[in-house]
Number of protein chains: 2
Amino acid sequence: MTLATIRDVAKKAGVSVATVSRVINDSGYVGQDTRKKVKQAIEELNYSPNEVARSLYQRKSKLIGLLIPDISNPFFPLLARGAEDHMRSRGYQAILGNVQEDPEIFSEYLKTFNKNNVAGVLSAVNTPAISDYAEPLVIVDRVTDKTEYSVFSNDYQGGMLAAKAILQGRPKNILVVAGPQAIKRSQDRIAGIESILSRQPIAYKIIHTNSFQIADAEKMAFKIFEDYPEIDSVIAPNDIHALAILKQGLLLGKKIPQELQVIGYDDIPMTRLSSPTLSTIHQSTYRLGWLGAKLLIDLIEDRNISDKKIMLPVRLVAGDTIRK
Amino acid sequence: MTLATIRDVAKKAGVSVATVSRVINDSGYVGQDTRKKVKQAIEELNYSPNEVARSLYQRKSKLIGLLIPDISNPFFPLLARGAEDHMRSRGYQAILGNVQEDPEIFSEYLKTFNKNNVAGVLSAVNTPAISDYAEPLVIVDRVTDKTEYSVFSNDYQGGMLAAKAILQGRPKNILVVAGPQAIKRSQDRIAGIESILSRQPIAYKIIHTNSFQIADAEKMAFKIFEDYPEIDSVIAPNDIHALAILKQGLLLGKKIPQELQVIGYDDIPMTRLSSPTLSTIHQSTYRLGWLGAKLLIDLIEDRNISDKKIMLPVRLVAGDTIRK
DNA sequence: ATTCAACATGTAACCGGATACACATTAAGG
DNA sequence: CCTTAATGTGTATCCGGTTACATGTTGAAT
């Protein structure tokens, strides 16, 4: 049996389609008993309005494009989950776009989103091209100075917390592994770290990594101990790198945290299962997604927006990989 | 500037909308120079057909509903990624549905998918209610006997491999932690495990868990060593549980793998970063998603389908948590 | 009694494509 | 030269909603 249409309902209730539409959308005037009749017809036919037809006329659907650099990076599923939970509660759906840091795929997705009349885009990816995009747009995590609407963590504070935690363990040689230099988040993080470290007489070195892939983190971890055998403390750019470094340290027979301190960033769920438990800086990843979705939908629905840029606090999760 | 429509293109090229449509879709007859004129107009206007309008007429969109029990479980992002990669290559998009094992949300999503004229549904979730669903449907992973189109791993073989690997380490007391009894995958796994273990004189015990949440895995791991202090080998239902058990074992001061063997299941990416490296049974998770999407789209597009039920092989990934 | 606003409902156009059908035109075959 | 099939193009309708506008009540205020 094919799905009932608004005309079927209208016929059954003995009214016009306009009236049925008014009942569905609670718009305009509808008499008491007419409303009742229509509701009954809807009930009996198990009618539910077709979203595609609605989208066509409104030129706006209930779909939201969700751009993620890489869902197989464990940071993003939580973000996606938060975003999706909020969207569902407001009657929206996410169209998934896994961009893999590829600008081609990125703009391909933006195009597809447009063809589908998405109501807006929530992006955890950023490229200069994104500013051309006309739809309501909220950036989470990968913020730049140009982004108008965004939700992100206080990375300066995060950097400070990580540095302080490491300093507490009286380190002799600190290595800071930083994320891509081009990303503002990384810059803030480094600024936070240096604001603390530079006041101390302790030697530290900063190196950069451009990949958050596990395989690359493993290679990096290997290389670190070759290039800097004397280090006893590492501030990692995320938990993946931290775990890789931790593992490599253990393989080299180092006592954790006595001979090697490691602190990660993000607090992805798996850190709880590492041995020893990784110390890390907690980001409210789920909330990042949730608030991003909220901000976007508020924007879409023209609500009052109290804050275009939302910065979330981070906190230290003291595990067993830093000295107390 | 608003997007160009097919009528704009028709006007610019001096032809009718039907002709433009024929050019776009390569259908019917179009003259050589007419085709050229139309293509040029499309180019100049940067026209790209509106997917919503097309969906409305066809009663079928280029969207595919993707149902996942929980994306924050690290098994599923890889699956989603495989599915999405294939979909994109065939011109389809995934609408994300995170179901959290809740039948309410599940059917809510199916409804929304329908309202959006999805072309089909790819589901890593299964409930009896799903058989009512009319659209093309492919189930990945969570297969039952009733599922018509499906892609899944050879869990019987997986169970055998895990049991054999554990046996090689000359265990004295084996504990098998199994997934939910209701899920056929778990049953097959157990059958495979028992087909090996039952031929040996070694004592083993099977217990069940119903959750794959990290917190629950931690509780379970704690309980295991209280209830069965004598065990020296554990076959876990997935890597999360395995890692939790491994960690708890280490906390209790057990030598790995001398005093405690652990084998997981799935081979989620993070296992590579565990210390010691977890031994596990590898599932081709990405391929599961990829092939699921392929099967579904073949179904949608009425292609020849050589195999309605695709079973993928698994293999042992020998880490450092089993004795050789 | 007249006027006007609030209420109630229907008609028809519109959103942007796809396509059935009608109507040429051309070329091939008898 | 005529018939017929293949080719090329346009007109109008449909998909399933939303809404501008027209029309018709009803009741309160003047």
Side-chain angles (χ1 to χ4, degrees), chain A residues 1-39 41-42 45-63 91 111-119, chain B residues 1-39 41-42 45-63 91 111-119:
Chain A
M1 146 221 124
T2 66
L3 248 14
T5 74
I6 198 172
R7 285 164 230 270
D8 298 332
V9 175
K11 191 175 292 175
K12 180 141 206 159
V15 299
S16 76
V17 293
T19 302
V20 177
S21 181
R22 282 184 204 109
V23 171
I24 300 169
N25 300 301
D26 256 321
S27 60
Y29 296 110
V30 180
Q32 279 299 308
D33 25 350
T34 312
R35 168 164 276 125
K36 206 165 290 170
K37 273 191 304 183
V38 172
K39 289 208 160 159
I42 289 176
L45 292 172
N46 190 25
Y47 166 77
S48 139
N50 182 305
E51 200 50 52
V52 176
R54 181 180 261 162
S55 305
L56 180 58
Y57 188 86
Q58 313 281 222
R59 283 119 148 219
K60 183 190 281 196
S61 71
K62 288 287 193 178
L63 299 172
K111 200 167 187 178
T112 319
F113 289 167
N114 259 332
K115 290 169 131 188
N116 283 286
N117 292 8
V118 296
Chain B
M1 146 219 123
T2 66
L3 251 10
T5 74
I6 198 171
R7 286 165 229 270
D8 297 333
V9 175
K11 192 175 292 173
K12 180 140 207 157
V15 299
S16 76
V17 294
T19 301
V20 178
S21 181
R22 282 185 204 106
V23 171
I24 300 171
N25 300 301
D26 256 320
S27 60
Y29 298 110
V30 181
Q32 280 297 306
D33 27 349
T34 312
R35 166 164 276 125
K36 205 166 291 172
K37 275 191 303 184
V38 171
K39 288 209 160 158
I42 289 177
L45 293 172
N46 190 23
Y47 167 77
S48 139
N50 182 305
E51 199 50 52
V52 176
R54 182 180 258 160
S55 305
L56 180 58
Y57 188 86
Q58 315 281 222
R59 280 115 150 223
K60 182 190 281 195
S61 72
K62 289 285 193 179
L63 300 172
K111 200 167 188 178
T112 319
F113 289 167
N114 259 331
K115 289 169 133 190
N116 283 286
N117 292 5
V118 295

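Every chain is numbered from 1, with letters handed out A, B, ... down the list of sequences. Model, not experiment: these values are computed from the prediction.
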When you compare the side chain of A:Arg54 with that of A:Ile24, does any pair of heavy atoms fall below 4.5 Å?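 Side-chain contact under 4.5 Å: yes.
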Picking from [options], which would you name as closest to the side chain of [X]?
X	options	value
B:Ala18	D:dG8, C:dC14, C:dT19	C:dT19
A:Tyr57	D:dT19, C:dG16, C:dC7	D:dT19
A:Ile6	C:dT9, D:dG17, C:dT19	D:dG17
B:Ile24	C:dG10, C:dG16, C:dA18	C:dA18
A:Ser16	C:dG10, D:dT19, D:dG16	C:dG10
A:Ala53	C:dA8, C:dG17, D:dG17	D:dG17
B:Thr5	D:dT18, C:dG16, D:dT9	C:dG16

Using a cut-off of strictly less than 4.0 Å, decide whether [X] has a side-chain nitrogen or oxygen near OP1 or OP2 of [N].
X	N	answer
A:Gln58	C:dC14	no
A:Asn25	D:dT18	yes
B:Thr34	D:dT9	yes
B:Ser21	C:dG17	no

Write down the distance between [atom1] ([X]) and [atom2] ([N]), rounded to a whole number of angstrom.
X	N	atom1	atom2	value
B:Tyr29	C:dA18	OH	C1'	18 Å
A:Lys62	D:dG17	NZ	P	16 Å
A:Asp33	D:dT25	CG	P	16 Å
B:Leu3	C:dG16	CG	C1'	11 Å

From CG (A:Asn116) to CG (B:Leu63), nearest 0.5 Å: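 Reported to 0.5 Å precision, the distance equals 5.0 Å.
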What's the spacing between A:Ile6 CD1 and A:Thr19 OG1 if we round to 0.5 Å?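 Reported value, rounded in 0.5 Å steps: 9.5 Å.
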Report yes if a donor N or O on one partner sits less than 3.5 Å from an acceptor N or O on the other, where the partners are the side chain of B:Arg59 and the base of D:dG16; otherwise report no.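 Such a pair does not exist between side chain and base.
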Less than 3.5 Å between a donor and an acceptor, one on the side chain of B:Arg22 and one on the base of D:dG10, is that the case here?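 Such a pair is found, so the answer is yes.
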Test applied, side chain to side chain contact (heavy atoms under 4.5 Å, CB included); reference residue, B:Val20; option that passes from B:Thr34, B:Thr5, B:Val15: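 Filter result, single survivor: B:Val15.
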Where do B:Ala10 and B:Val17 come nearest, in terms of heavy atoms and distance?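 Closest approach of B:Ala10 to B:Val17, heavy atoms only: CB-N, 3.7 Å.
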Just to be sure I understand the rule, does A:Val15 reach a base, reach only the sugar-phosphate, or reach nothing, if contact means heavy atoms closer than 4.0 Å?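 Counting heavy atoms under 4.0 Å across all strands, the contact made by A:Val15 is with sugar-phosphate only.
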Please figure out whether A:Arg7 or B:Gln32 has its closest DNA chain D nucleotide nearer the 5' end.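 Nearer the 5' end of the strand: B:Gln32.
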